[in-house]
Amino acid sequence: MKLSDLGEFGFIARVASRYQSSHPAILKGIGDDAAVLSCAPQDAFLLTTDLLLEDIHFRLHTTTPYRLGWKSLAVNASDIAAMGGVPVGFTLSLGIPAQRISVEFLDQFYEGVNGLAKVVDAHLLGGDTSESDERFIISVSVLGTVQRGKEIYRGGGKDHDDVYVTGWPGEAAMGLRILEQGRRAEGLEPIVERHELPMPRVKEGNLLAKQNIAHAMIDVSDGVLADMNHLVTASGLGGEIDLALLPLSTALRDTAGRYQEDPMALALSGGEDYELLFSAAPDKREAVERVAQECGCPMTRIGRLSSAFEGIMLRHQQGRVQKIDPAGFDHFKRVKG
Ligand code: ADP
Ligand code: MG
């Protein structure tokens with residue numbers, strides 16, 4: 001069905017009837033000039049937005065509308081997670097090239113958005129709908145909450161903190177390599193899904209904040225090196241990554257081997273992992289492990305913060321320590337997604 005058969009208002013009514021859900025904080029969702037929300041006095045709002053443009057941030061021929069919808073919300077929910085909060089609601093605005101994008105495509109897209117929305121308990125609050133000349137344009141904004149004083153900033157890192165990463169960095173970038181090569185050999189789907197269906201670490205970030213474990217936190221969208229550099233710079237410190245500690249999953253090692261990719265380079269600079277990178281005092285190691293157990297998500301200590309140096313140092317397995325110039329991650333840029 002063409003969008004013109006349904007009309008803009010018909011389309012909005014369809015979305016509202018399918019996805020409008022109730023939540024005590026949402027006094028009004030879709031249907032008026034603005035959504036209305038209440039916030040508990042002990043909470044603060046978190047607000048984040050992302051713009052996704054066809055052929056810059058995604059390609060329609062390598063993904064499905066469901067996965068595109070899922071990921072559009074996931075990248076924003078991940079930002080809320082990185083502040084230690086939980087999502088409440090989101091707006092979804094679309095620029096639709098109506099000659100190419102059917103109502104069925106949009107239905108699947110909203111199904112994908114809703115698929116993740118249910119997992120992270122985020123509710124559709126509204127959006128905007130417009131025709132676009134050529135490209136499909138997606139903008140998602142997520143509103144979240146965090147208990148006042150519990151929010152975690154990038155710049156909260158303290159001297160001698162341990163640095164941890166959740167999950168399995170590098171798998172998402174490996175998934176992108178597979179998609180780019182157009183080969184979907186058997187057994188690769190879990191790695192491809194890490195790129196197309198990322199799972200934002202909402203519970204993990206929230207527990208690390210609530211339990212006063214993390215000092216500084218950021219989500220890994222540009223790769224572990226680049227995002228750790230953001231964290232150390234904001235914290236006014238330097239950082240060291242011990243390459244022997246970097247968690248490289250068996251799936252990543254196996255697949256990278258088949259594709260002549262370097263798993264460590266993918267883990268350091270691949271990007272789009274949507275894992276969390278955080279720092280915590282050395283006396284919190286057991287507390288971190290308890291949260292990891294509770295979430296069923298590994299939290300691996302990969303290095304530390306230090307006032308003794310600037311930028312990021314890489315400790316190689318043979319003991320050699322290499323200074324990485326933040327402006328010149330050239331060796332790794334090659335593999336950036
Ligand atoms: P306005 O002219 O006030 O911007 P709209 O006609 O654009 O109103 O939107 C009407 C209602 O539908 C609003 O509540 C808006 O948030 C919601 N809405 C519009 N487009 C979308 C969309 N793509 N997804 C979800 N809600 C939408
Ligand atoms: Mg509008």
Side-chain angles (χ1 to χ4, degrees), residues 1-39 45-60 63-81 85-145 196-198 200 202:
M1 195 198 313
K2 285 188 177 153
L3 193 58
S4 54
D5 297 339
L6 205 56
E8 182 191 328
F9 295 110
F11 173 70
I12 294 172
R14 183 184 174 102
V15 166
S17 72
R18 286 183 182 172
Y19 301 115
Q20 185 122 255
S21 50
S22 67
H23 182 279
I26 302 170
L27 309 181
K28 180 75 190 176
I30 297 175
D32 214 305
D33 295 310
V36 183
L37 292 105
S38 66
C39 184
F45 282 125
L46 300 167
L47 180 61
T48 181
T49 192
D50 262 305
L51 183 62
L52 288 96
L53 301 176
E54 185 180 353
D55 291 335
I56 296 180
H57 303 101
F58 62 88
R59 292 183 203 286
L60 289 182
T63 191
T64 66
Y66 182 96
R67 290 177 173 208
L68 185 58
W70 175 290
K71 191 163 177 177
S72 303
L73 179 59
V75 300
N76 282 281
S78 177
D79 286 322
I80 298 290
V86 291
V88 176
F90 61 99
T91 60
L92 174 53
S93 298
L94 299 175
I96 305 167
Q99 321 83 343
R100 285 195 294 125
I101 302 273
S102 66
V103 171
E104 289 74 18
F105 176 104
L106 293 170
D107 284 347
Q108 280 302 306
F109 176 84
Y110 270 86
E111 276 297 295
V113 172
N114 192 50
L116 181 68
K118 282 191 292 193
V119 174
V120 298
D121 196 23
H123 301 260
L124 185 61
L125 297 172
D128 205 13
T129 310
S130 170
E131 255 198 80
S132 162
D133 285 348
E134 285 175 27
R135 289 179 181 177
F136 189 38
I137 301 168
I138 307 160
S139 176
V140 176
S141 300
V142 178
L143 187 74
T145 58
E196 294 196 312
L197 296 169
V202 173

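When a ligand or atom number is given, it counts from 1 through the structure's own listing order. In what follows, every heavy atom counts, from backbone to side chain, and hydrogens, waters and symmetry copies are set aside. Starting from 1, each residue takes its place in the sequence as its number.
By the 4.0 Å heavy-atom criterion, Y19 is excluded from the residues contacting ligand 1.
By the 3.5 Å distance cut-off applied to N or O atoms, L94 is not counted among the residues near ligand 1. On a distance-only criterion, D32 and ligand 1 share at least one N/O pair closer than 3.5 Å. Remark: ligand 1 and G127 share an N or O pair separated by less than 3.5 Å (distance only, no angle test). Considering backbone and side-chain atoms together, D128 places an N or O closer than 3.5 Å to an N or O of ligand 1.
When the heavy atoms of F109, Y110, F9 are ranked by distance to atom 23 (N) of ligand 1, first place goes to Y110.
In summary, the aromatic rings of F136 and F109 are positioned with their centroids under 6.0 Å apart. In summary, the aromatic rings of F11 and Y110 are positioned with their centroids under 6.0 Å apart.
Annotation for ligand 1: atoms under 4.0 Å from non-hydrogen atoms of G126 are 16 (O), 25 (C), 26 (N), 27 (C). With ligand atoms numbered from 1 in the order given, ligand 1 contributes 3 (O) to contacts under 4.0 Å with heavy atoms of D33. Residue contact check: L92 has heavy atoms under 4.0 Å from atoms 22 (C), 23 (N), 24 (N) of ligand 1.
Taking every heavy atom of both residues into account, L116 and P200 meet most closely at CD1-CD, 3.9 Å.
Here the rule is side-chain hydrogen bond (donor to acceptor under 3.5 Å, both in side chains) with S141, and of D50, N76, T49 only T49 fits it.
R100 and E54 are joined by a salt bridge, as a carboxylate oxygen and a charged side-chain nitrogen come within less than 4.0 angstrom of each other.
Other residues, nucleotides and ligands place no more than 12 heavy atoms under 6.0 Å from the CG atom of D133.
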Cut-off 3.5 Å, no hydrogens considered: what does the side-chain donor-acceptor table look like for residues 21-28, sequence neighbours left out?
from: S21; atom 1: OG; to: H123; atom 2: ND1; distance (Å): 2.6
from: H23; atom 1: ND1; to: A25; atom 2: N; distance (Å): 3.0

